[in-house]
Enquirer: 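Once you've had a glance at the structure underneath, I'll fire off some questions.
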Amino acid sequence: MRSYRSLFRTPEFTPFLLSFATFAAAQTVGGLALATLVYRATGSPFLSAVSMFGPQLAQLLGGAFLLSGADRLAPRAVLSGLALAFAAGTAVLALPGLPVWAVFTVVLLQGLVASLGGGVRGGLLNEILSKDGYVLGRSVFNMLWGLTQMAGFATGGVLLALLSPRTCLLLAAALYLTSALVTRLGLTARPPRSSGRPSVSATWRTNALLWSSRPRRLTYLGLWVPNGLIVGSDSLYVSYAPEAAGTLYACGALGMFAGDLAVGRLVPPALRRRLATPMRLLLAVPYLFFVLRPGVALSAVAVTVASVGFAASLVLQERLMSLTPDDLAGQALGLHTTGMAALQGVGAVLAGTLAQLASPAAAMSLMAAGSVTVTLTLAALGRQAERRSALPGTRPDVLPGPTATDQ
C-alpha cells in the first residue's frame, strides 16, 4: 500500500482518524489553556511546564500496571471511555477557585487513565491496515497529529486572547465528548486481540518479555529518551515567550507534519532504515542555539526545523513492529507510548527545574545537549551490538529486521 487513495479506502481508517483528531484537538487547546492558567496564577515556569506535560509521568504507572488491557480489552469501548474520562476531568479543571494541588491531582489522574490509549490505538491501527500499509498509515496518523497541534495551538492562542483559560477548558471538554461520540458511531465493536483478563501480573510478564531483547531495548530507548529531552525544551515555550507560545507550538507541529510526510511517503524503505540517528540529531541541534535567546522569528524557524526530526519515531516504530509478534503489538506500542510520555514528563520536570535555577533559554539548550549525547551513545551501542553479533559462534537474539546500526 503506497498511495493515500488506497489508504483512505480502507474500512474504518477515516473514522479512526477523525476520532483521534478530535481528541488531539481537545488536548492541545486544553493543555495550552491549563499551562497559561497555572502560569498566570503562580508565575512559575516549573509549574507551568509540569501542568502541561507532567501528567504524562502518570502514564509510567499505567504502563507498569494496566498495559495488558491494550490487547485484552475491546478497543472501541476503551477509546470511548477514555474520551469521556478526559471530558469529565477537563470540566473539573475549569471550576473557578480550584487550588493548584487539586489541578495537579486531576491531570495526574488523567495521565494514568491515558496510559491505555496509545497501546489501544496503535494495536487497532495495526488491525485496520495491512502490513504493507502500516508505515504509510502511521505517517498519516502522525501528520494529522501535527496538523491538529498546529490548528489547536494557533486557535488556542487566539481563544486565550479573546476568552478566559477556563472557558477554553470547557471548549476542550466539549471536544472530548465529540471524540467519544465519533468513536462509538464510527468504529465497529472488535473483540480483544488476546485472550485472558488484563492484570498487573500479565502486564509485568509481557513488559519483561518485550524488554528482554537487546535490539528492542535499544529501540525503546531511542524512541523515549532523545524525544523526551526535547519535549522538555518544548514545555518551556510559555515561560520563554509568553505572548508567542502558541506560535512556537504551531511551528513545531508544522515541522512534525513535514517530517512525517517526507519519511512516510517519499523516503524509500532502504533509506528510511538509516535515518534514525540523523533525524534524532536534527531534533536536538537547533535548540543548542536557544542559549543565545533568538527573537520570536528565529526561534520559530529553529523549532520548525528541529521538529522535522520527530519523524525518527516512524523509523523506530517500524523496527519495533518487525521485532514483535502480532499478538503483542498493542502492548508493545503501548509500552512505547507510555514510556515516551513518561520520559516527556520527566523532561518537562527537569527542564522546568533548570529554568528555575538558570533561565528558560539556558534550560532549553542544556536539554538539547543531553539529547545529542544520548543519541550518539545509542548509535555507538548499536554498532557494538552489530559487531558482536557478527562474531563466529554468536547467536543473535533478534528477529529478522533492520540491523542494529539502524539505531
Side-chain angles (χ1 to χ4, degrees), residues 21-58 83-111 113-114 145 148-180 231-253 296 299-300 303 341 344-345 348-349 351-352 355-356 360:
T22 313
F23 190 95
Q27 280 189 308
T28 53
V29 172
L32 184 59
L34 183 62
T36 302
L37 183 67
V38 171
Y39 188 65
R40 289 179 182 176
T42 66
S44 169
F46 173 79
L47 292 178
S48 175
V50 173
S51 69
M52 195 166 188
F53 293 95
Q56 297 172 197
L57 282 170
L84 291 174
F86 265 76
T90 304
V92 170
L93 291 173
L95 293 174
L98 196 67
V100 173
W101 67 265
V103 168
F104 283 102
T105 298
V106 171
V107 294
L108 289 174
L109 287 173
Q110 285 182 322
V113 172
W145 170 234
T148 304
Q149 281 190 309
M150 273 193 293
F153 285 127
T155 304
V158 172
L159 290 174
L160 285 169
L162 301 174
L163 306 171
S164 70
R166 288 189 173 87
T167 302
C168 293
L169 286 170
L170 290 175
L171 290 174
L175 286 172
Y176 283 125
L177 288 174
T178 304
S179 176
V231 170
S233 294
D234 295 354
S235 73
L236 298 176
Y237 291 166
V238 172
S239 53
Y240 177 78
E243 302 304 320
T247 299
L248 293 180
Y249 281 119
C251 287
V296 172
S299 297
V303 166
Q344 288 175 353
V349 171
Q356 289 284 131

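For the numbers below, each heavy atom of this structure counts, side chains included, while hydrogens, waters and symmetry mates do not. Note that this is a predicted model, so its numbers are computed, not measured. Starting from 1, each residue takes its place in the sequence as its number.
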Enquirer: Please report the shortest heavy-atom distance between G89 and V106, naming the atom on each side.
Expert: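 Shortest heavy-atom separation between G89 and V106 comes out as O-CG1, 3.5 Å.
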
Enquirer: Quick check for you: to the nearest 0.5 Å, what is the distance between S179 atom OG and F86 atom CZ?
Expert: 10.5 Å

Enquirer: With heavy-atom distances below 4.5 Å as the criterion, would you say the side chains of T28 and Y249 are in contact?
Expert: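 In short, these two side chains do not touch, never coming nearer than 4.5 Å.
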
Enquirer: List the residues meeting side-chain hydrogen bond (donor to acceptor under 3.5 Å, both in side chains) with T90, not counting sequence neighbours, and say none if there are none.
Expert: Q110

Enquirer: Return the set of residues passing side-chain contact (heavy atoms from CB on, under 4.5 Å) with T178 (not counting sequence neighbours), or none when no residue passes.
Expert: T22, V182

Enquirer: I need the minimum non-hydrogen distance between A21 and T148, along with the two atoms involved.
Expert: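 So the two residues come closest at O-CG2, 3.4 Å.
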
Enquirer: Checking V100 now: which residues fulfil side-chain contact (heavy atoms from CB on, under 4.5 Å) with it, not counting sequence neighbours?
Expert: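 Only T42, F104 meet the side-chain contact (heavy atoms from CB on, under 4.5 Å) criterion with V100.
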
Enquirer: Which atom pair, heavy atoms only, marks the closest approach of L93 to V107?
Expert: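 Heavy atoms only, the tightest pair is CD1-CG1, 3.7 Å.
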
Enquirer: Could I get the full list of side-chain contact (heavy atoms from CB on, under 4.5 Å) partners for A355, not counting sequence neighbours?
Expert: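 P45, L236, P360, A363.
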
Enquirer: Show every donor-acceptor pair shorter than 3.5 Å between a side-chain atom in residues 155-169 and any protein atom, with sequence neighbours excluded, or say none if there are none.
Expert:
unit_1 : atom_1 : unit_2 : atom_2 : d
T155   : OG1    : A151   : O      : 2.6
S164   : OG     : T167   : N      : 3.2
S164   : OG     : T167   : OG1    : 3.0
R166   : NE     : L95    : O      : 3.4

Enquirer: Output all residues satisfying side-chain contact (heavy atoms from CB on, under 4.5 Å) with A88, sequence neighbours left out; order by chain, then residue number.
Expert: none

Enquirer: Which residues pass the side-chain hydrogen bond (donor to acceptor under 3.5 Å, both in side chains) test with Y176, sequence neighbours left out?
Expert: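 If we apply the side-chain hydrogen bond (donor to acceptor under 3.5 Å, both in side chains) test to Y176, skipping adjacent residues, there are no hits.
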
